[in-house]
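Read the structure below first, then the notes.
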There are 2 protein chains.
Amino acid sequence: MPRVSDMKERLMDAAMDLIWENSYGATSVDAICERAGAKKGSFYYFFKSKSELAAAALEGCWNKKKAEMDSIFSPTVPPLERFDRYFDFVHDRLAEVQQKCGSILGCPFISVGSEVSTQDQIVRETIDRIMDRKLNYFVSAVRDAVAEGLVDAPDPVAKARALFSCYQGMMAQARIQNDIELLRGFKGVAMEVLGVKRAPALSSS
Amino acid sequence: MPRVSDMKERLMDAAMDLIWENSYGATSVDAICERAGAKKGSFYYFFKSKSELAAAALEGCWNKKKAEMDSIFSPTVPPLERFDRYFDFVHDRLAEVQQKCGSILGCPFISVGSEVSTQDQIVRETIDRIMDRKLNYFVSAVRDAVAEGLVDAPDPVAKARALFSCYQGMMAQARIQNDIELLRGFKGVAMEVLGVKRAPALSSS
DNA sequence: AAAATACTTGACTGATCAGTCTACATAGAT
DNA sequence: ATCTATGTAGACTGATCAGTCAAGTATTTT
């Protein structure tokens, strides 16, 4: 195989950045090409439509985060500490992005999902799948917490879903209000929603 | 004052319908005009931009709902029953809209807010204000529930915020998954998040 | 009757949109 | 050396975008 190009990745990264910062609708193919340093021809060489690129970019975004998620939600970590670490991680990540672009961007999957759900099946299904995978981390952690007697939950899946909804709602609000403070206090809210019996001593800062 | 026209309201309604069903970005001024039976000139006679119309339409949407909210969250209704009635109301409303347009549309304020927050200050601030007013209903109800000893909450505002986030997250997910079932089970989730001591006997079905 | 207010009309502009197409470049394989 | 696969370049298309504008109509006030 001749020359290998990193243009496909550059286009996906550029698309993800722009879509997350602005929105799917407000992000043009021209703008994506410009940021990626590509020309139109390259774009349509790799992707057959804007919508297909968006789906690929979102999937790629998830794949990048997956390793980190696996580490944070590792079964070797005490279940409640997983949430603690995760919300710290998200906070730090959003704060870092805010330095670059000046806004709290929240979760791209919720924002873009809400935006395109009625108009773009490809993107909608991609996001649906990703959200489900994300939820699974919560479910395992809640199950483990129940097993260790840290949390009372007759239905761990329902509990995990409740926390997941709460997390998503908070992220959406953080974006709308452009306020990271909502995230800062979320660890406490999470423990309350889980109905933690007594706060465990955590090792991390 | 000469002739009175209902075109302003027609434009606002048309805009709200289209933006809620699709998105802000995917809704063109031409499409709004067509649905309202207006011509371009009329549009720009009443509104100086698409963004200003969107803000007006969202504000108008809230004003229409306000009376219903006041009734549901009336202090004469037992506090926990307010939530019960509200989530029933939202469920029925979304189911009704689904009949017309085939999709679960969720909450327009969250969807549009997430979409435009970084791009349109006018709309962003409008939504921020509306969400805050909505939250206040939750806060009062939680306070009353605490006063009646139905709920334990050292910080009723935090509790209300937690439930509000959870509600919003669930609505966003309902739209993304195009699934109303999430709403059906929400009343139970809400009571759990509130940490209701014992389920009170409710009068409504 | 005339003037003023409150709209309505629809053609128009220039920018931008997603997507197409042909020609070309660069690399490894033979 | 040349052939082939993998890209790249960028001009182009036709549709659609938000927004403008000058001219018109209907209604009430004076």
Side-chain angles (χ1 to χ4, degrees), chain A residues 1-58 60 112 115-116 118-124 126, chain B residues 1-58 60 112 115-116 118-124 126:
Chain A
M1 63 209 81
R3 162 165 56 140
V4 275
S5 166
D6 63 343
M7 188 54 84
K8 194 171 181 180
E9 281 67 39
R10 296 228 310 275
L11 283 165
M12 279 168 32
D13 289 347
M16 198 60 224
D17 286 355
L18 291 171
I19 291 171
W20 193 18
E21 180 165 350
N22 303 104
S23 67
Y24 177 77
T27 301
S28 72
V29 172
D30 284 336
I32 295 167
C33 287
E34 198 189 333
R35 172 177 279 236
K39 297 291 149 107
K40 268 283 178 63
S42 295
F43 184 104
Y44 286 99
Y45 174 75
F46 290 110
F47 303 98
K48 58 183 222 268
S49 69
K50 177 187 169 185
S51 147
E52 201 186 64
L53 163 70
L58 288 159
V112 178
E115 182 187 351
V116 307
T118 60
Q119 306 162 61
D120 193 313
Q121 272 307 96
I122 309 172
V123 176
R124 212 212 99 243
T126 303
Chain B
M1 65 213 79
R3 162 164 58 138
V4 274
S5 166
D6 64 342
M7 188 55 85
K8 195 171 180 178
E9 281 68 39
R10 296 227 310 275
L11 283 165
M12 278 168 33
D13 290 347
M16 198 60 223
D17 286 355
L18 291 170
I19 290 171
W20 192 17
E21 180 166 350
N22 302 104
S23 66
Y24 177 77
T27 301
S28 72
V29 172
D30 284 336
I32 295 168
C33 287
E34 199 189 333
R35 173 179 275 236
K39 298 291 151 108
K40 269 283 179 62
S42 295
F43 185 104
Y44 286 98
Y45 174 76
F46 289 109
F47 303 98
K48 58 182 222 269
S49 69
K50 177 187 168 186
S51 148
E52 200 185 66
L53 163 71
L58 288 159
V112 178
E115 182 188 351
V116 307
T118 60
Q119 305 163 60
D120 192 313
Q121 273 306 97
I122 308 172
V123 177
R124 213 212 98 243
T126 301

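Quick note on labels: first sequence line is chain A, next is B, and so on, each numbered from 1. Hydrogens, waters and symmetry mates are skipped; everything else that's a heavy atom, side chains included, is used.
- For A:Lys50 (side chain) and A:Thr27 (main-chain N/O), a donor-acceptor pair under 3.5 Å exists by modelled atom type.
- Minimum atom distance to the side chain of B:Tyr45 is reached by C:dC7, of the listed D:dT8, C:dC7, C:dT9.
- For the OP1/OP2 pair of C:dT8 and a distance below 4.0 Å, the side-chain nitrogens and oxygens of B:Ser42 include at least one atom meeting the criterion.
- Within the 4.5 Å cutoff, no side-chain heavy atoms of B:Trp20 are placed close to those of B:Val112.
- A:Gln119 and B:Ser23 share a donor-acceptor pair across their side chains, judged by distance under 3.5 Å alone.
- Cation-pi geometry between B:Lys48 and B:Phe43 is not satisfied (NZ or CZ under 6.0 Å from the ring centre, within 45° of the ring normal).
- Counting any heavy atom pair closer than 4.0 Å across all strands shown, B:Phe43 reaches no nucleic acid atom.
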- request: Heavy atoms under 4.0 Å is the rule here; annotate nucleotides 11-16 of chain C 5' to 3' with B where the base is hit, S where only the sugar-phosphate is, and - elsewhere.
  value: B-----

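- Rounding to whole angstrom units, NZ of residue A:Lys48 and C1' of C:dC21 are separated by 19 Å.
- OP1 or OP2 of D:dT8 has at least one side-chain nitrogen or oxygen of A:Ser5 nearer than 4.0 Å.
- Looking at heavy atoms from C-beta onward, A:Arg124 lies out of side-chain contact with A:Asp120 at the 4.5 angstrom threshold.
- Note on B:Thr27: only backbone sugar-phosphate atoms sit closer than 4.0 angstrom, heavy atoms only; bases stay farther off.
- The distance from atom CE of A:Met7 to atom P of C:dT26 is 14 Å, rounded to the nearest whole Å.
- Taking atom CG on B:Leu18 and atom P on D:dC17, their separation rounds to 12 Å, with Å as the unit.
- A heavy-atom distance below 4.5 Å is not found between the side chains of B:Tyr45 and B:Met7.
- Nucleic acid contact class of B:Lys39 (heavy atoms, under 4.0 Å, all strands): base.
- Between A:Lys40 and A:Asp30, at least one side-chain N (NZ, or NE/NH1/NH2) sits under 4.0 Å from a carboxylate O, which counts as a salt bridge.
- For A:Tyr44, taking side-chain heavy atoms from C-beta onward, the closest of the listed nucleotides C:dT8, D:dG7, C:dT20 is C:dT20.
- Protein atom CG of A:Asp6 is 14 Å distant from nucleotide atom P of C:dA27, rounded to whole Å.
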